Protein chains: 2
Amino acid sequence: MGDAHHHKPQLAGLGELAARLRNCARRVTEPRREILRALRDGAHPMSPKQVHQALHDTCDLATVYRSLHMLEAAGMVKRFDLGDGVRRFELLGEGDDGHHHHLVCKRCDTVVEIDDCFTPALEQRIASRSGFAGVTHRLEFFGTCPACQTA
Amino acid sequence: MGDAHHHKPQLAGLGELAARLRNCARRVTEPRREILRALRDGAHPMSPKQVHQALHDTCDLATVYRSLHMLEAAGMVKRFDLGDGVRRFELLGEGDDGHHHHLVCKRCDTVVEIDDCFTPALEQRIASRSGFAGVTHRLEFFGTCPACQTA
DNA sequence: CTGCATCCTGCAAATCATTTGCATCTGGGA
DNA sequence: TCCCAGATGCAAATGATTTGCAGGATGCAG
Ligand SMILES: [Mn+2]
Ligand SMILES: [Mn+2]
Ligand SMILES: [Zn+2]
Ligand SMILES: [Zn+2]
C-alpha cells in the first residue's frame, strides 16, 4: 500500500474511455464523455447527483441516471451502496471487476478506500455450506474519522 | 451450529416484548404489538411493506414506518440493507446487538441467515490504519440458491 | 461530404420508498 | 373514571430513480 489505489484506472485518457464505449456498440456522446470525466477525476464513489453537479448542469439528471445504468451494464462503472439511500458509482479500469470496500465516517461521510479484501475463505465456506453458486459479497466499514473524533 | 439461530429470540412471548416496550417509556399499542408479532413470526428480515401486509391492513403503513423507527431507536429491532432499495428489519433478542449477515439469492431473493463473521482483528487493523474510531461493518453475501441453479 | 436510421437527450410526469403535518384517538397513570 | 402526552390515520410532501415522448445528435452508408 502507499501506492496508487489499484482500482483507480490511473487517469485513463478520455479517448480510451470513448474507445471502450464504442466497443460496446454505444455512441460516444457529449454527456457520456463528461460523466466519464467526472468519475475519473472524482475520488471515491460518486452519486448521480454529485456527477450531475460536477457537470455544471450541462446535461439532464435523467441522462446521468440513464448513462450510469448503461455504463454499469457495459462493465465500465461499478455501483456501491454506502448505507444511505443513495447509489454511488466508480469508474472501472479495463478488465477490472472493481471489487473492493470502503470505510465511511458516520458523521461527515468521508470515504476511505479499502483495497484489501478479507473474505475469500469465509465466502468459500459460506458457498459450500449453503450450496449457493457464484457467491460474492458486499462489505463496507463504518466509523468516526479522526477529524470528527475531536470535533 | 445446526441449532437455532442465536440471533432469533426463540419465540419471545409478546408479553415480554410489551414489557420491553414499557421499559422504554413507550406505549404498548395494538399496532406495535402486531408489528412485533409479525417480526417474531417471520423468518428473516422483513420490509415495512411485508410487515404491513402481514398485519392485513389492520394499521396504516405510516404507522409501520413510525413504529419500526421507534423500535430501532429502542434497540428492539435491527435494520438491514440487502441491496435492493428496501429496508428490512429483524427482531432483536434482549441484550443482543443483532450483528450478523445474510446470503441472498440474486434470482429468487431467498435469504439464508449467516452467523459467521470474520475475525475482529481485521476490523481492528482497518481502524488503526485509518485512525477511525468505533469501526463496525455491514456485510452481505449474494449468489444463486440451489433451487435457482437447476431451474 | 451528406443523408438517414438509430440511438440519445431534455423535459415533465410517473413511480417507489419513506417522511411529515395535522386533526383525532387512546393507553395508562392519577 | 378522567385527562393528556403520545400514537394513529389519512393525505400530502419528499427524495431518489424511472419512464414516455418528441425533438436532436451520432456514426455508418452512400
Ligand atoms: Mn472505491
Ligand atoms: Mn438475519
Ligand atoms: Zn468524519
Ligand atoms: Zn434462488
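Here the structure is a predicted model, which is why all the values come from computation and not from measurement. So that the names make sense, note that chain A is the first sequence line, chain B the second, and so on, each numbered from 1.
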*To the nearest Å, how far apart are L82(A) CG and dA16(D) C1'?*
16 Å
*Mind calculating the distance between CD (E34(B)) and P (dG9(D)) to the nearest angstrom?*
12 Å
_Qualifying ring-ring contact (aromatic ring centres under 6.0 Å, His included) pairs, either residue in residues 111-135 of chain B, two or more places apart_ = F118(B)-H137(B)
*In whole angstroms, how far is the C1' atom of dT8(D) from the CG atom of D57(B)?*
15 Å
*With a 4.0 Å cut-off, would you call R129(B) and D116(A) a salt bridge?*
yes
*Over how many whole Å does the gap from M46(B) atom CE to dT18(C) atom C1' extend?*
18 Å
N/O donor-acceptor pairs under 3.5 Å from side chains in residues 140-151 of chain A, not counting sequence neighbours:
{"residue": "E140(A)", "atom": "OE1", "partner": "H102(A)", "partner atom": "N", "Å": "2.7"}
{"residue": "E140(A)", "atom": "OE1", "partner": "H102(A)", "partner atom": "ND1", "Å": "3.2"}
{"residue": "Q149(A)", "atom": "NE2", "partner": "T144(A)", "partner atom": "O", "Å": "2.9"}
{"residue": "Q149(A)", "atom": "NE2", "partner": "G131(B)", "partner atom": "O", "Å": "2.6"}
{"residue": "T150(A)", "atom": "OG1", "partner": "A147(A)", "partner atom": "O", "Å": "2.9"}

Side-chain donor-acceptor pairs of residues 73-82 of chain B under 3.5 Å, sequence neighbours excluded:
{"residue": "D81(B)", "atom": "OD1", "partner": "G83(B)", "partner atom": "N", "Å": "3.0"}

*Integer-rounded Å distance: dA7(D) C1' and L68(B) CG*: 15 Å
*Of all residues at least two apart in sequence or in a different chain, which pass the side chain to side chain contact (heavy atoms under 4.5 Å, CB included) check with S47(A)?*
K49(A), Q50(A), V86(A), R88(A)
*What's the CG-P distance between D84(A) and dA17(C), to the nearest Å?*
18 Å
*Nearest-angstrom distance from the residue atom CZ of R79(A) to P of dA16(D)*: 15 Å
*For the pair made of NZ in K49(B) and P in dA17(C), what is the distance, rounded to whole Å?*
4 Å
*Starting at the 5' end of nucleotides 2-12 of chain C, put B wherever the base has a protein heavy atom under 4.0 Å, S where only the sugar-phosphate does, and a dash everywhere else.*
----BBSBBBB
*Within the structure, does a side-chain N or O atom of Y65(B) lie under 4.0 Å from either OP1 or OP2 of dT19(C)?*
no
Please tabulate, for side-chain N and O atoms in residues 62-69 of chain B, each donor-acceptor pair with protein atoms closer than 3.5 Å (sequence neighbours left out).
{"residue": "S67(B)", "atom": "OG", "partner": "T63(B)", "partner atom": "O", "Å": "2.8"}

*Taking the nucleotide of DNA chain C with the closest heavy atom to each, which residue, V86(B) or V28(B), is nearer the 5' end?*
V86(B)
